[in-house]
Amino acid sequence: MLDIKQIRENPESIEAGLLKRGNVDYGIGKLIALDKERRDLLQMADDLKKLRNDASREIGAKKKAGENTDEAQARVKETGEKIKSHDDRIKEIDSEVRQILFNIPNVPDESVPEGADENANVEIRKFGEIPKFDFVPKPHHELGEALGILDFKRAAKLSGARFVLYKGAGALLERALINFMLDMHINEHGYTEVAPPYMVSAETMTGTGQLPKFADDLFKIEGRDLWLIPTAETPVTNIYAGEILNGDDLPLKMVAYTPCFRSEAGSYGRDTTGLIRQHQFNKVELVKITKPEDSINELEKLTSNAEEVLKRLQLPYRVVTLCSGDLGFSAAKTYDIEVWVPSQNTYREISSCSTFVDYQARRMGMRFRREAKGKPEFPHTINGSGLAVGRTVVAILENMQEADGSVRVPAALSPYMGGLDKIVM
RNA sequence: GGAGAGGUGGCCGAGUGGCCGAAGGCGCUCCCCUGCUAAGGGAGUAUACCGCAAGGUAUCGAGGGUUCGAAUCCCUCCCUCUCCGCCA
């Protein structure tokens, strides 16, 4: 959520910033008009309330003194009715304002390149050699099915499309990756592990920006205010929602493994085969809560923490800066880490690292205080996958495949798989 | 699922219709005294909004109602805890 004060004082610069995302009318003009009306009404209502408070106090005193107060009471009652009508209108405006505000995306950071869509994203660095095969590399789902470690057919029998059943070394690989990633971020990068709920309330979903706008992308529990998380970002970033943090405790660095659930509405026909796009997938997520002045630097560090996983696994990748048109709703700046996928002869997103500046903190009412007597301020929130586990499996299977259909286990991962160094038939 | 208790400021905890944004305590900040640990004295210490300011308004789980006036009374909802049942 953007700051209404900033919109009020600087509508042009906010609109210019939003324009970088595309030419969409977010209702800023209407917002400003409503805000003006609201403040005028509030002033009137407050004055009337002062009148009522004073009068009521007098009535109390008179009653104690045994005087008649019928007339005074009637007058105050009238004032009360006026107050009510003002308050009702204010409430109405509030909800309109909130609705507009909740549906305005974040303003892109100045350093974000301008562009309409993913074609304008800017590659900023590359790591690793793209593997050369002297045979035609197979897609991961063929390898996985042949090795007996991935079973899409039976998963479909259980749950329908976009689910997978991991078996044997496949299930072990998934589990090993989760532990490998967690251990690295905890022990080497200084993150604190948290294990949050996988179902959260609408309020929590609103805090990070999934609701109200993106309900179609989520799974909801029928008849209850519970939604399946599409990413650990949602529960973890919201941990301190509504609280005032101690500035000395910042930055908070948390890492969480959770499954993620996405309806994938609107992605019919895309990535229909294999592990790339599933309704349920595992992810290790990094979340930071920082002081405003540290957020860009902490985003850089978080991104390199995620990259480190791919380096250790010897998987080739590149990092791109998302252009303004490709930026997520709540994000001010995003680096995508993309891993090489041989069967598609391209890089595919495996992590998305973003700073939301104060946008999420304001939505969820999370603040911090620099000094004991200081004013509360909004911290910045940052998150990124470290990494998406299913897509890491894709990358390992495809990049590490041999001519005979076996798959090498990266040396760094082997200890997590009981010393296994090759997955064979 | 059944029965009961409760939700007040950073924390504990008083408050059952007006003088209560809220006693007292703890914690924290500053000052004094003392002097290098401890103890004592004083002042301060919620948040948001409106306003140049003075100041004003709102908030005692949430929402609604009664009343001239609600932390206090009524209704609905949410959450927490205890006991019983069931259960990973």
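Letters go in sequence order (proteins before strands), and every chain restarts at 1. Atoms considered below: every heavy atom in the structure, side chains included; atoms not considered: hydrogens, waters and symmetry mates.
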A.B. asks: Taking the same atom, C1', in G4(B) and in C87(B), what whole-Å distance lies between them?
C.D. replies: 22 Å
A.B. asks: Evaluate the ring planes of H279(A) and F163(A), with Trp represented by its six-membered ring, and classify them as parallel (under 30°), tilted (30 to 60°) or perpendicular (over 60°).
C.D. replies: tilted
A.B. asks: Polar atoms only, N or O, under 3.5 Å: list the protein pairs with nucleotides 64-67 of chain B and their distances.
C.D. replies:
| from | atom 1 | to | atom 2 | distance (Å) |
| --- | --- | --- | --- | --- |
| G64(B) | OP1 | K91(A) | NZ | 2.7 |

A.B. asks: Under 3.5 Å, is there a donor-acceptor pair between the E300(A) and Y335(A) side chains?
C.D. replies: yes
A.B. asks: For the P atoms, the ones on C49(B) and on G44(B), what distance do you get once it is rounded to whole angstrom?
C.D. replies: 26 Å
A.B. asks: Between C83(B) and C60(B), how far apart are the two P atoms, rounded to whole Å?
C.D. replies: 32 Å
A.B. asks: Would you please say whether a donor-acceptor pair under 3.5 Å links the side chains of T204(A) and S201(A)?
C.D. replies: yes
A.B. asks: Roughly how far apart, to the nearest Å, are U67(B) and U57(B) at atom P?
C.D. replies: 23 Å
A.B. asks: Map A45(A) and G60(A) onto RNA chain B by nearest heavy atom, then report which one ends up closer to the 5' terminus.
C.D. replies: G60(A)
A.B. asks: Counting primed atoms plus P, OP1 and OP2 as sugar-phosphate and everything else as base, spell out the protein contacts along nucleotides 44-51 of chain B at 4.0 Å heavy-atom distance: B, S or - for each nucleotide, 5' to 3'.
C.D. replies: --SSSSSS
A.B. asks: Grab the CD1-P distance between I59(A) and G69(B) for me, whole Å please.
C.D. replies: 8 Å
A.B. asks: Whole angstroms only, please: what is the CG-P distance between D249(A) and G10(B)?
C.D. replies: 16 Å
A.B. asks: Tell me whether R312(A) is salt-bridged to E308(A), with the criterion being a basic N under 4.0 Å from an acidic carboxylate O.
C.D. replies: yes
A.B. asks: Is the closest side-chain donor-acceptor distance between S330(A) and N106(A) under 3.5 Å?
C.D. replies: no
A.B. asks: Mind checking the C1' distance from C86(B) to A3(B)? Whole angstroms is fine.
C.D. replies: 16 Å
A.B. asks: Rounded to the nearest Å, what distance is computed from the CD atom of residue E71(A) to the C1' atom of nucleotide C68(B)?
C.D. replies: 13 Å
A.B. asks: Could you tell me how far C74(B) sits from A22(B) if I compare only their C1' atoms? Round to whole Å.
C.D. replies: 23 Å
A.B. asks: Work out how far the P atom of U82(B) is from that of C12(B), and round it to whole angstrom.
C.D. replies: 16 Å
A.B. asks: I need the CG-P distance between D87(A) and U59(B), as an integer number of Å.
C.D. replies: 10 Å
A.B. asks: Under 3.5 Å, which donor-acceptor pairs do the side chains of residues 63-70 of chain A form with other protein atoms, sequence neighbours left out?
C.D. replies:
| from | atom 1 | to | atom 2 | distance (Å) |
| --- | --- | --- | --- | --- |
| N68(A) | OD1 | D70(A) | N | 2.9 |
| T69(A) | OG1 | Q73(A) | NE2 | 3.0 |

A.B. asks: Let's test your reading of the pairing rules: Watson-Crick or G-U wobble, both distances under 3.5 Å, then write RNA chain B as a dot-bracket string with ( ), [ ], | and dots.
C.D. replies: ((((((((.[[[..)..(.....]]]((((((.......))))))(((((....))))).[[[[[..)....]]]]])))))))....
A.B. asks: What's touching nucleotides 74-81 of chain B from the protein side, N or O pairs under 3.5 Å?
C.D. replies:
none

A.B. asks: How long is the line joining CG of D88(A) and C1' of A58(B), in whole Å?
C.D. replies: 16 Å
A.B. asks: If you measure only the distance, is there a donor-acceptor pair under 3.5 Å linking the side chains of T237(A) and Q360(A)?
C.D. replies: no
A.B. asks: Near E9(A) CD, under 6.0 Å, is it more than 12 heavy atoms from other residues, nucleotides or ligands?
C.D. replies: yes
A.B. asks: Does the side chain of N282(A) pick up a donor-acceptor pair with the side chain of Y257(A) at under 3.5 Å?
C.D. replies: yes
A.B. asks: Roughly, in whole Å, what's the span from CZ in R57(A) to C1' in G18(B)?
C.D. replies: 8 Å
A.B. asks: Rounding to an integer number of angstrom, what distance separates G9(B) and A48(B) when you compare their P atoms?
C.D. replies: 16 Å
A.B. asks: Tell me whether the rings of H185(A) and H189(A) are parallel (<30°), tilted (30 to 60°) or perpendicular (>60°).
C.D. replies: tilted
A.B. asks: Which of residues 200-209 of chain A sit near RNA chain B, with a heavy atom under 4.0 Å from it?
C.D. replies: none
A.B. asks: Within this structure, what is the CG-to-P distance between D225(A) and A62(B), rounded to whole angstrom?
C.D. replies: 17 Å
A.B. asks: For K49(A) and C68(B), give me the distance from atom NZ to atom P, rounded to whole Å.
C.D. replies: 18 Å
A.B. asks: Which nucleotide in the list U57(B), C19(B), G18(B) gets nearest to the side chain of N53(A)?
C.D. replies: U57(B)
